[in-house]
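Here is the structure we will look at, set down as structure tokens.
Per chain, numbering begins at 1; letters A, B, ... match sequence-line order.
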Amino acid sequence: MSTTTNTTTRRLTMAQAISEATAQEMERDPRVFVMGEDIGKYGGIFSATTGLLDKFGPDRVMDTPISETGFMGAALGAAADGLRPISELMFVDFFGVCFDQIYNHIAKNHYMSGGACKYPLVITTGIGGGYNDAAQHSQCLYSIFAHVPGLKVVVPSNAYDAKGLMTSAIRDDNPVVFLYHKGIMGLSWMSYFEGSTNEVPEAQYTIPFGQARVVREGTDVTIVTLSQMVHKSVLAAEKLAAEGISVEIVDLRTLVPLDRASVLDSVAKTGRLLVADEDYLSYGLSGEIAALIAENIDTLRLKAPVRRLAVPDIPIPFSRPLEQFAIPQVDNIAASVRSLMTFKLD
Amino acid sequence: MSTTTNTTTRRLTMAQAISEATAQEMERDPRVFVMGEDIGKYGGIFSATTGLLDKFGPDRVMDTPISETGFMGAALGAAADGLRPISELMFVDFFGVCFDQIYNHIAKNHYMSGGACKYPLVITTGIGGGYNDAAQHSQCLYSIFAHVPGLKVVVPSNAYDAKGLMTSAIRDDNPVVFLYHKGIMGLSWMSYFEGSTNEVPEAQYTIPFGQARVVREGTDVTIVTLSQMVHKSVLAAEKLAAEGISVEIVDLRTLVPLDRASVLDSVAKTGRLLVADEDYLSYGLSGEIAALIAENIDTLRLKAPVRRLAVPDIPIPFSRPLEQFAIPQVDNIAASVRSLMTFKLD
Amino acid sequence: MEATSEQLLWMYEKMIEIREYEETMVKVYLEGKLPPKIQKGLAFDIGAGPVPGEMHLAAGQEPVAVGVCAHLRRDDTVVGAHRPHHFAIAKDVDLNAMTAEMYGKVTGLGRGKGGHMHLFDPAVKFSCGGIVGAGAPQACGAALAAKKRGTDQVAVAFFGEGAANQGAFHEALNLAALWKLPVIFIVEDNKYGISVEKSASTSIASNADRAVAYGMPGVLVEQNDAVAVFEAAGAAVARARRGEGPTLIEVKTDRYFGHFQGDPETYRPKDEAKALRQHDPIPALGALLRARDLLDDDADTTLRARVSERVGAAYDFGRNSPYPEPEDALLHVFAD
Amino acid sequence: MEATSEQLLWMYEKMIEIREYEETMVKVYLEGKLPPKIQKGLAFDIGAGPVPGEMHLAAGQEPVAVGVCAHLRRDDTVVGAHRPHHFAIAKDVDLNAMTAEMYGKVTGLGRGKGGHMHLFDPAVKFSCGGIVGAGAPQACGAALAAKKRGTDQVAVAFFGEGAANQGAFHEALNLAALWKLPVIFIVEDNKYGISVEKSASTSIASNADRAVAYGMPGVLVEQNDAVAVFEAAGAAVARARRGEGPTLIEVKTDRYFGHFQGDPETYRPKDEAKALRQHDPIPALGALLRARDLLDDDADTTLRARVSERVGAAYDFGRNSPYPEPEDALLHVFAD
Ligand SMILES: Cc1ncc(C[n+]2csc(CCOP(=O)(O)OP(=O)(O)O)c2C)c(N)n1
Ligand SMILES: Cc1ncc(C[n+]2csc(CCOP(=O)(O)OP(=O)(O)O)c2C)c(N)n1
Ligand SMILES: [Mg+2]
Ligand SMILES: [Mg+2]
């Protein structure tokens with residue numbers, strides 16, 4: 001699954017792990033370069049590129065103007081011409097100013113060329129709320145990237161996964177969108193869930209796309225989740241364990257490709273599913289996972305209807321009590337699991 | 001449900017119905033105006049604004065530069081300042097050049113202002129494939145507009161509905177995205193499904209949002225669908241009726257608000273659901289509808305797992321045999337319904 | 001167009017109000033964000049304290065706000081960006097409600113839903129937002145509305161020099177010139193877009209030179225000076241009100257604080273901000289007022305006391321107002 | 001930079017090839033699209049016939065394609081737009097595979113997946129796409145790649161005057177000038193963006209004047225003439241190869257057909273297209289060649305026969321090639 005040779009590990013934050021993966025791949029492959037806003041001197045607003053400018057200089061670590069269409073288009077052109085750009089969209093919330101380049105061109109050109117042209121590039125971007133950044137800086141939106149064909153979509157939940165997935169992303173010959181939740185980057189200026197900072201091998205390794213990870217085994221209820229919500233789910237599961245409810249947590253890790261088998265396997269075992277998501281509720285990720293169950297009810301023995309927790313189709317409000325209400329919290333997860341346990345369909 | 005006074009009706013194409021609704025509302029309300037590319041002299045590439053320039057002159061029917069961010073932003077500003085713009089995005093496929101204005105501002109400003117500001121505007125746009133316009137001009141994408149909160153999303157399937165829904169859209173104090181499928185506009189230069197051209201009252205009337213329409217009653221299988229796919233579903237249902245399979249067809253008409261009750265009522269009756277959609281399969285509309293079933297399996301007595309037909313997560317290919325394969329056709333719908341009939345869960 | 005005594009005094013008082021507002025915010029914002037009250041291991045917690053989230057302050061940039069807004073009426077539109085306080089204050093946005101908004105209180109402009117980057121006050125036609133460049137087309141829309149009504153309101157879009165490289169800038173300027181809209185585009189050149197210097201983002205020295213590309217007048221105000229801005233803006237607003245179309249103005253100004261509070265500012269020389277304060281536009285305007293006998297120590301003291309009271313009252317109002325109920329989050333997605 | 005005899009003859013032959021290609025397409029495209037073979041009630045069926053879908057032809061616009069591409073090598077990049085045939089032919093895209101692509105055949109450049117607006121030929125670094133303005137930043141990327149490699153390839157983005165009002169134009173030009181990229185932006189001013197006249201879309205008369213906004217040279221070519229384009233492009237390409245950065249060129253040209261085939265063209269005077277043909281650039285270049293003794297009747301006949309054979313062979317190849325299998329639609333979403 002992962003190909004580690006050197007076995008030295010250190011505790012890294014997710015930001016450090018992403019930047020290390022990038023640096024190691026830049027050393028290995030001179031075609032790799034990074035561009036984006038404030039990714040040079042500043043080291044990336046969310047520290048995903050910290051240290052790279054010093055190591056590789058301004059030709060390979062390029063601060064850009066605030067011209068996302070310009071530099072996403074340039075990433076496409078450079079990839080078509082043999083380079084392997086990593087292009088940062090500072091907040092995923094800004095995708096609307098440049099999504100045409102991403103979804104109509106970067107995602108489709110390989111297909112429209114009948115496979116003749118390749119576009120190996122990575123788009124990194126910060127997602128998520130919880131620190132009162134309001135409606136234009138707190139979204140997840142990964143399901144939009146996953147909805148349009150031609151993009152691989154990676155959403156890591158911890159440093160170990162982030163390093164391996166980032167290395168895979170850079171080596172992939174396809175466009176990959178790599179979405180990191182700000183609240184698990186381990187920034188010194190934002191509170192975060194500690195589980196996201198973990199042991200990371202020094203050596204390079206890859207984690208293949210399309211393999212979900214069972215974070216915690218359990219028998220009563222499956223929580224399918226990803227990104228920061230993995231950590232909230234773990235905390236909920238710990239509470240619930242004390243109450244005698246055994247929760248299995250599946251971290252999707254990538255949305256495209258999607259590891260449908262792992263979801264189905266887990267639900268086959270538990271018979272109960274909660275999807276815990278930080279994106280908007282309707283027409284997105286939580287629906288897709290729930291749909292998977294609906295499509296397989298002939299083989300699954302469900303003990304309860306599927307439940308979804310997500311942002312209830314409202315913009316993310318600024319004010320603390322409102323934002324806490326809008327974004328599913330540990331207690332909401334626990335309560336949803338408990339309510340699932342009240343059913344006995346079978 | 002609809003408020004008709006004058007009872008004269010004529011057969012209109014959907015394009016004529018939309019343009020008539022707009023003209024009548026422009027007569028009634030001097031704040032309404034239309035802008036977009038080629039909507040003036042040309043009358044709209046898909047004829048949604050035909051005749052308006054002659055009736056209302058260039059001040060109220062404004063051809064714009066190819067600056068979608070510019071004029072969508074201007075629509076917002078004009079709406080904030082008391083006007084009621086109708087702003088056309090020629091093909092929905094172009095949303096990526098201007099989605100920031102739409103989803104971060106037009107959709108959210110009312111919320112972020114705590115209700116203090118209103119943005120009454122309509123975005124009209126053409127969707128759909130089937131005439132070999134390839135990957136950048138054939139998409140549906142309505143689920144993306146429905147995923148982000150703050151936009152009402154209307155997707156009519158015929159002229160009668162289009163007129164009533166368009167009138168409601170213009171009168172609504174919220175931003176409404178009105179997506180018309182090119183293949184049911186009744187254009188003289190594109191083959192279309194005839195059911196979309198129907199009897200339309202001359203007088204103004206409104207159709208409320210959030211009310212699906214049962215297009216055809218049936219007892220064996222429910223097809224939940226919308227837009228052009230309604231007509232394909234009807235043709236499939238006719239074939240299937242000859243085989244003794246009774247199909248009920250639910251036309252969603254609006255995605256936001258979504259008429260969940262009508263879907264559940266129909267599936268409660270038939271026990272079998274096919275979602276027939278022309279958007280991409282994953283992370284979209286078909287998942288949302290299927291999820292609704294997964295969330296309600298405790299009260300529904302399903303006879304079969306849910307099935308979804310949609311574009312199988314590939315860009316829309318140009319070549320006829322490829323495009324026909326990519327977009328669900330009447331035969332695919334019929335085959336899916338037949339396969340649903342092979343299950344006997346219960 | 002020369003500023004009247006009244007206008008000069010108004011600008012002076014507003015600049016002081018803005019400065020005091022921002023300097024108060026520096027302190028309020030830090031409350032609760034530093035160790036030991038926050039998560040162990042953190043140096044700072046952006047989500048903690050009474051005013052959480054991002055905070056972009058405009059101290060040093062007062063002249064552009066007051067110099068322009070001195071020409072505006074309540075029914076003229078202003079669209080600001082992510083660094084909006086100086087514009088909001090100069091446009092006479094309700095200071096209490098604005099402050100309550102940053103505290104996330106139900107008495108706020110947006111009932112706590114918007115926060116500091118998203119301030120909406122329809123009473124004075126003020127709005128702003130967090131997406132760089134997005135305001136420029138929106139101001140065109142307000143100008144279009146005035147033109148359609150046949151009334152003489154104007155609209156102003158304020159944004160940074162970094163925003164002038166966003167596509168929205170180009171589309172808006174073309175639209176404004178093409179349709180001869182009564183709109184004024186003001187670029188605040190504070191030399192940085194976050195950490196990126198203008199020379200690393202912009203292919204020419206002055207955005208005023210970009211006006212040619214649209215056939216509109218382009219004006220460069222080289223001093224961070226309220227009177228200089230006032231003069232340039234006066235001509236542009238008058239032109240717009242006369243129905244002669246848009247103007248682009250770039251003003252060189254100074255950002256005293258970091259891009260946002262908490263910015264380590266490692267990208268700029270350590271003493272740069274200090275050096276900039278040597279050319280503080282507030283004492284400069286004060287000196288002018290004194291030279292013209294429009295101000296003396298007493299008047300200055302009175303004026304500053306008045307400002308302090310206003311600002312203090314606003315912060316008190318914000319702090320003491322109640323939070324919205326959590327479930328209020330579900331309200332206002334749609335107007336009914 | 002003066003064109004050599006060889007270059008003049010090359011441009012002449014390529015222009016004839018483009019013209020013949022487009023005029024052949026007019027007929028091929030109409031096959032199967034008219035009554036009585038189509039759905040009752042329709043006047044035309046865009047989705048019918050051997051070459052379905054939209055079709056944007058470039059007859060009349062040959063000079064801009066050949067005048068620029070005469071300076072390009074196989075390893076220089078060209079990014080076209082939705083009206084791409086003239087550029088593709090001038091860039092030596094494989095004519096058979098290109099034609100097969102429009103027929104939707106498996107032998108096409110994109111195995112039938114792209115169609116006429118989406119032609120990709122990596123052998124000559126050609127690509128194009130259906131989104132107005134989107135090619136400009138992409139050309140910057142190819143230029144950036146050359147610059148990073150330290151090689152002297154250039155990249156050219158071709159787009160219409162309508163596209164010059166899209167935000168992507170602005171962002172790309174700023175980026176190119178800022179980073180001194182070897183890229184040439186060519187605006188084809190054919191007076192219309194679909195039905196909208198340039199004066200209704202663009203706030204100034206010439207996009208060449210927008211170059212100032214980026215500090216790059218701006219050149220206006222006022223004649224729809226291959227030699228005039230050749231000269232302007234020659235200087236720009238040489239400049240780019242020398243590492244001196246980008247150039248913006250606008251060429252006034254003429255669109256002989258509708259925006260797309262089937263366009264009722266009610267927005268332009270009935271005889272406009274006919275009048276434009278009075279200034280056909282092909283006989284004009286032929287006359288020049290004859291005046292210089294580079295061409296006579298015999299040579300012209302030979303050359304035209306050669307072109308006809310090439311074009312005819314391409315259409316035959318397209319028509320006679322097999323369709324892909326329907327399930328091939330599932331291939332090539334991702335490279336493996
Ligand atoms: C479209 C978009 N891209 C990036 C950002 C992130 N961002 C916020 S402020 C800023 C810098 C803006 O610089 P400038 O326009 O000069 O304004 P200043 O902050 O200097 O006032 C950036 C890059 C954003 N908010 N929106
Ligand atoms: C972003 C975008 N907006 C609108 C369109 C629809 N459209 C296709 S071609 C065209 C006109 C383009 O005009 P111009 O750039 O002058 O090129 P021309 O067709 O004249 O060659 C328009 C509006 C599009 N393809 N992409
Ligand atoms: Mg700045
Ligand atoms: Mg044109």
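Counting heavy-atom pairs closer than 4.5 Å to chain D, the top residue among A/P175, A/G150, A/P30 is A/G150. Among the candidates A/T64, A/D172, A/T69, the residue making the largest number of heavy-atom pairs closer than 4.5 Å to chain D is A/T69. Between chain D and the residues A/D59, A/I66, A/N109, A/D173, the largest count of heavy-atom pairs under 4.5 Å involves A/N109. Of the listed residues D/G133, D/G130, D/G108, D/A134, the one with more heavy-atom pairs under 4.5 angstrom with chain A than any other is D/A134.
In this structure, chain A has no heavy atom under 4.5 Å from any part of D/A139. The contact between D/N174 and chain A is made entirely by side chain atoms (from C-beta outward), counting heavy-atom distances below 4.5 Å. Interface remark: D/K125 contributes side-chain atoms only to the contact with chain A (heavy atom separation under 4.5 Å). No part of A/A80 comes within reach of chain D, as not one of its non-hydrogen atoms sits under 4.5 angstrom from that chain. With a 4.5 angstrom heavy-atom cutoff, D/L173 does not touch chain A via any of its atoms. Both the backbone and the side chain of D/A329 come within less than 4.5 Å of a heavy atom of chain A. For A/V256, the part lying near chain D is the side chain, with the backbone staying farther off; criterion is any non-hydrogen pair under 4.5 Å. In this structure, no portion of A/K108 lies under 4.5 Å from any heavy atom of chain D.
Scanning all heavy atoms of the two residues, the minimum distance from A/D81 to D/A142 falls at OD2-O, 3.5 Å. A pairwise comparison of heavy atoms in A/K118 and D/A335 identifies CE-CB, 3.9 Å as the closest pair. Of all the heavy atoms in D/P137 and A/G70, the pair that sits closest is CB-O, 3.5 Å. The shortest heavy-atom contact between A/A116 and D/P122 is O-CG, 3.8 Å. Of all non-hydrogen atoms in A/H110 and D/F334, the two that sit nearest each other are NE2-C, 3.6 Å. Contact detail for D/L175 and A/A74: the closest heavy-atom pair is CD2-CB, 4.2 Å.
Remark: D/H86 pairs with no residue by the ring-ring contact (aromatic ring centres under 6.0 Å, His included) rule, at least two apart or across chains.
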Dump the intermediate steps for side chain to side chain contact (heavy atoms under 4.5 Å, CB included) on D/Q138 and A/Q101, then the final yes or no. CA-CA 9 Å; D/Q138 298 169 9; A/Q101 290 293 339; 2.9 Å; yes
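Annotation: side chain of A/M62 is in contact with side chain of D/L144 (closest heavy-atom distance under 4.5 Å).
Between the NE2 atom in D/H118 and the OG atom in A/S113 there is a gap of 12.0 Å [rounded to 0.5 Å].
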